[in-house]
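What follows is a set of notes on a single structure, which appears directly below.
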Amino acid sequence: PGGWWKPSEKEIMKRRDLRKSHRVVSIDPPGCTDIDDALSVNVIKNETNEIVAYEIGIHIADVCQFVEHDSILDLEARSRGTSVYLADRRLDMLPRVLSEEICSLRQKQDRYAVSVIIRYDANNLKMIKNSIWFGRTIIHSA
């Protein structure tokens with residue numbers, strides 16, 4: 001599912017491309033079809049190959065790319081607030097074509113995300129001052 005959709009080159013040019021530089025993995029449970037959360041960890045080395053920092057990425061599916069602000073779909077999604085999980089079914093916040101396919105951060109598929117990337121010092125594991133980056137990205141989940 002969702003393999004039929006491909007990101008546009010025009011949109012890719014507007015985003016930070018993490019597809020080759022970051023190994024991204026989902027943190028949603030096995031069997032989940034609306035995969036909307038992912039993490040990445042990069043080891044940063046200096047010129048002598050010593051580990052100097054760890055870069056942590058938090059990636060959330062960018063549904064805003066597909067839902068126009070104040071549209072009927074946007075207003076309905078906002079009124080629902082979240083998907084609801086019951087014992088025998090799920091009530092989605094968004095249509096399945098978005099939540100399970102186009103926006104789902106599926107394995108081995110390029111997807112739009114909103115990401116936060118933070119660097120931590122390898123020696124003391126404290127966040128490096130002014131190292132937080134936030135923005136729109138394109139990712140490829142492992």
Side-chain angles (χ1 to χ4, degrees), residues 1-46 49-142:
W4 51 268
W5 178 84
K6 303 286 183 217
S8 79
E9 289 301 319
K10 184 178 178 182
E11 184 60 30
I12 289 171
M13 299 302 291
K14 298 177 189 175
R15 294 171 177 266
R16 184 170 174 183
D17 191 341
L18 306 179
R19 293 176 292 178
K20 293 191 178 11
S21 61
H22 290 66
R23 183 172 173 82
V24 177
V25 295
S26 168
I27 57 172
D28 287 301
C32 181
T33 56
D34 57 335
I35 304 165
D36 56 359
D37 310 297
L39 294 175
S40 62
V41 179
N42 282 351
V43 175
I44 309 300
K45 296 181 179 182
N46 64 14
N49 214 30
E50 295 174 291
I51 298 173
V52 294
Y54 299 103
E55 187 176 76
I56 308 299
I58 301 109
H59 314 281
I60 307 299
D62 187 359
V63 298
C64 294
Q65 183 64 33
F66 304 97
V67 178
E68 187 176 335
H69 182 69
D70 282 338
S71 66
I72 292 171
L73 179 57
D74 180 38
L75 297 173
E76 179 63 24
R78 282 194 260 163
S79 74
R80 293 181 183 199
T82 187
S83 293
V84 176
Y85 297 85
L86 303 172
D88 61 340
R89 66 189 178 279
R90 183 178 78 220
L91 305 173
D92 291 321
M93 182 175 75
L94 294 167
R96 285 183 184 227
V97 70
L98 292 176
S99 65
E100 291 186 14
E101 295 187 30
I102 297 172
C103 297
S104 186
L105 304 179
R106 295 181 165 277
Q107 188 177 28
K108 299 181 179 161
Q109 294 182 15
D110 295 345
R111 290 294 186 257
Y112 298 143
V114 176
S115 302
V116 177
I117 298 174
I118 309 166
R119 284 193 175 183
Y120 292 88
D121 187 291
N123 294 317
N124 59 21
L125 298 181
K126 290 186 178 181
M127 186 179 75
I128 298 171
K129 189 175 182 178
N130 299 320
S131 72
I132 299 174
W133 180 88
F134 176 85
R136 290 188 160 177
T137 56
I138 182 161
I139 63 171
H140 188 91
S141 293

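Residue pairs meeting the salt bridge (Lys or Arg N to Asp or Glu O under 4.0 Å) criterion with at least one partner in residues 20-40, sequence neighbours excluded, are Asp34-Arg90. Each salt bridge (Lys or Arg N to Asp or Glu O under 4.0 Å) pair with one or both residues in residues 52-70, not counting sequence neighbours, appears once here: Arg15-Asp62, Glu55-Arg119, Asp62-Arg136, Asp70-Arg78.
Annotation for Trp5 and Arg111: closest pair CE3-NH1, 3.3 Å, computed over non-hydrogen atoms. When all heavy atoms are compared, the tightest approach of Ser115 to Leu18 is OG-CD1, 4.3 Å. When every heavy atom of Arg19 is checked against every heavy atom of Ile139, the shortest pair comes out as CG-C, 3.7 Å. Arg80 and Glu76 get closest at one heavy-atom pair: NE-OE2, 2.8 Å. Across Leu94 and Ser99, no two heavy atoms sit closer than the pair O-OG, 3.8 Å. Taking every heavy atom of both residues into account, Phe66 and Cys103 meet most closely at CD1-SG, 3.4 Å.
Between Ile138 and Glu11, the closest side-chain pair of non-hydrogen atoms is not below 4.5 Å. In this structure, the side chains of Trp133 and Val116 stay at 4.5 Å or more apart for every pair of heavy atoms. Between Ser131 and Ile118, some side-chain heavy-atom pair lies under the 4.5 Å cut-off. At a threshold of 4.5 Å between non-hydrogen side-chain atoms, the residues Val114 and Phe134 count as touching. The side-chain heavy atoms of Ile44 and Ile51, taken from C-beta on, include no pair separated by under 4.5 Å. Between Ile56 and Tyr120 there is a side-chain heavy-atom pair separated by less than 4.5 Å. The side-chain heavy atoms of Asp17 and Thr137, taken from C-beta on, include no pair separated by under 4.5 Å.
Rounded to the nearest 0.5 angstrom, Gln65 CD and Lys14 NZ are separated by 7.0 Å. In this structure, OH on Tyr85 lies 5.5 Å from SG on Cys32, to the nearest 0.5 angstrom.
A distance-only check finds a donor-acceptor pair linking the side chain of Ser104 to the backbone of Thr33 [under 3.5 Å]. Looking at Asp92, its side chain never comes within 3.5 Å of a backbone N or O of Arg96 through a donor-acceptor pair. Side-chain atoms of Asp110 never come within 3.5 Å of backbone atoms of Lys6 as a donor-acceptor pair (strictly under, hydrogens ignored).
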Q) Can Leu98 and Val63 be said to form a side-chain contact (heavy atoms from CB on, under 4.5 Å), step by step? A) CA-CA 8 Å; Leu98 292 176; Val63 298; 5.8 Å; no
Q: Dump the intermediate steps for side-chain contact (heavy atoms from CB on, under 4.5 Å) on Lys45 and Val52, then the final yes or no.
A: CA-CA 5 Å; Lys45 296 181 179 182; Val52 294; 5.8 Å; no
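A donor-acceptor contact closer than 3.5 angstrom links the side chains of Ser40 and His59.
Taking a 6.0 Å sphere around CG of Leu91, one finds it holds more than 12 heavy atoms contributed by other residues, nucleotides or ligands.
Put simply, the residue from Leu105, Val25, Ile35 that forms a side chain to side chain contact (heavy atoms under 4.5 Å, CB included) with Ser141 is Leu105.
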